[in-house]
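Every chain is numbered from 1 and lettered A, B, ... according to where its sequence line falls, protein lines coming before strand lines.
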Amino acid sequence: MMSNFQFESVADFFTMAGHGSYVWFSYFITIIAITLLIQVPVWKKRQLLTQLKRQQRMNRTSPKYLKS
Amino acid sequence: MNWQWFHRLGSPRWFYEKTSRWMPWLASLTLLSLIIGTAWGLGFAPMDSKQGNSYRIIYIHVPSAFLALAGYYVMALAGAVGLVWKIKLSYIVMRSAAPIGATLTLISLVTGAVWGKPTWGTWWVWDARITSMLLLFFLYLGVIVLQSAYRGREIANKVGAILSLVGMINAPIIYKSVDWWFTLHQPATLKLIGKSSIDASMAYPLLLMIAGFYLLYIYLLIHWTRVEILHQEQKTSWVQALFNNSKLAG
């Protein structure tokens with residue numbers, strides 16, 4: 001079912017007979033958006049980890065009467 | 001009847017541990033189908049005789065619009081389950097579904113606008129399909145904003161679930177908008193029953209991209225849910241132990 005490559009050259013593939021900027025821009029912003037959807041939870045997890053580590057350090061070093 | 005699975009399913013810890021093993025597989029399968037689908041749609045599917053190459057935007061526009069709507073059902077259903085059975089995990093799923101759905105709706109709106117320019121000569125028209133999709137975006141935003149507007153998590157969850165359910169009225173409007181009103185937006189190209197108006201050489205990569213976006217959605221929903229679980233359960237011993245053993249020391 002897969003037909004041949006539809007473009008004569010790489011340059012042709014990029015310009016897409018005048019529609020290149022529309023097509024490539026669409027794919028570009030989609031990739032950016034999906035990358036963010038993958039990265040945001042990773043950043044959140046890292047942030048949570050540093051926060052928990054700091055809490056643990058504080059619990060270890062502070063005198064007993066300062067512990068919550 | 002054995003209800004143990006039902007209770008376990010509602011346990012955030014069980015969910016977190018169970019899904020750990022699935023994630024790499026799910027990620028590879030998603031990436032594979034999206035890469036093949038994109039290459040196929042961009043380079044190998046034939047050019048459209050009326051629209052030229054601009055139609056290649058369909059390979060992200062339609063799948064993202066599908067998932068924007070399907071994601072809304074997921075969010076509303078998770079909210080309903082949370083309201084009825086008070087299952088903690090389902091509210092976490094509802095919270096996670098909102099930003100993913102909002103982003104997918106935004107992708108379909110932006111790619112639609114970019115596709116509209118060379119095809120209709122305009123970026124935007126206030127037609128039924130596009131306006132109802134914009135409303136879907138605002139419903140998602142509403143759920144996100146409500147989640148952070150309330151201090152108490154319980155009340156925030158309840159209000160978010162109620163808004164999601166009320167917003168369900170919009171779903172059939174989006175779906176039927178191209179049939180009910182005269183619009184610029186073209187009617188559905190893929191049909192489950194009856195003949196599709198798209199040639200097989202263009203439809204196969206589209207079906208692959210839709211499958212890829214479904215996989216991506218499942219991946220993202222689990223991904224967001226897992227981190228939200230860690231956040232909400234950070235005081236518990238199992239999360240503390242998990243972080244103590246992790247190599248991600250910060």
Among B:Val239, B:Ile57, B:Val110, which residue forms the greatest number of heavy-atom pairs with chain A at distances under 4.5 Å? B:Ile57
Taking every non-hydrogen pair under 4.5 Å, which of B:Thr38, B:Ile60, B:Ile107 racks up the most with chain A? B:Ile60
Proximal component of B:Tyr55, with respect to chain A [non-hydrogen, under 4.5 Å]: neither
To the nearest 0.5 Å, tell me how far A:Leu48 CG sits from B:Phe243 CZ. 4.5 Å
Examine the side chains of A:Gln56 and B:Asn244 and answer whether a donor and an acceptor come within less than 3.5 Å of each other. yes
B:Leu216, part contacting chain A, at a heavy-atom distance under 4.5 Å: side chain
Any donor-acceptor pair under 3.5 Å linking the side chain of A:Gln6 with the backbone of B:Phe44? yes
For chain A, which residues from residues 225-237 of chain B have at least one heavy atom closer than 4.5 Å to it? B:Val227, B:Leu230, B:His231, B:Gln234
Ordered numerically, the heavy-atom neighbours of chain A under 4.5 Å found in residues 97-105 of chain B are B:Pro99, B:Ile100, B:Thr103
Residues of residues 11-19 of chain A with a heavy atom under 4.5 Å from any heavy atom of chain B, in residue-number order, are A:Phe13, A:Met16, A:Ala17, A:His19
Would the number of heavy atoms belonging to other residues, nucleotides or ligands and lying under 6.0 Å from CD of A:Glu8 be above 12? no
Under 4.5 Å from any heavy atom of chain B - which part of A:Gln51: side chain
Answer with side chain, backbone, both or neither: which region of A:Ile29 has an atom nearer than 4.5 Å to a non-hydrogen atom of chain B? side chain
Write out all pairs satisfying side-chain hydrogen bond (donor to acceptor under 3.5 Å, both in side chains) with one or both partners inside residues 60-72 of chain B, taking only residues at least two apart or from two chains. B:His61-B:Thr111
Considering only heavy atoms, which portion of A:Tyr22 lies under 4.5 Å from any heavy atom of chain B: side chain, backbone, both, or neither? both
Got a second to check how far A:Phe5's CZ is from B:Leu42's CG, nearest 0.5 Å? 9.0 Å
For the interface with chain A, which of B:Ala113, B:Gly52, B:Pro118 has the highest count of heavy-atom pairs at distances below 4.5 Å? B:Pro118
Picking from B:Leu34, B:Val114, B:Asn53, B:Leu106, which has the most non-hydrogen pairs under 4.5 angstrom with chain A? B:Asn53
Donor-acceptor contact present, side-chain B:Trp224 to main-chain A:Leu37, <3.5 Å: yes
CZ (A:Phe7) and CE (B:Met47) are apart, to the nearest 0.5 Å, by 8.0 Å
Return yes when atom CD of A:Gln47 has more than 12 non-hydrogen atoms of other residues, nucleotides or ligands closer than 6.0 Å, and no otherwise. no
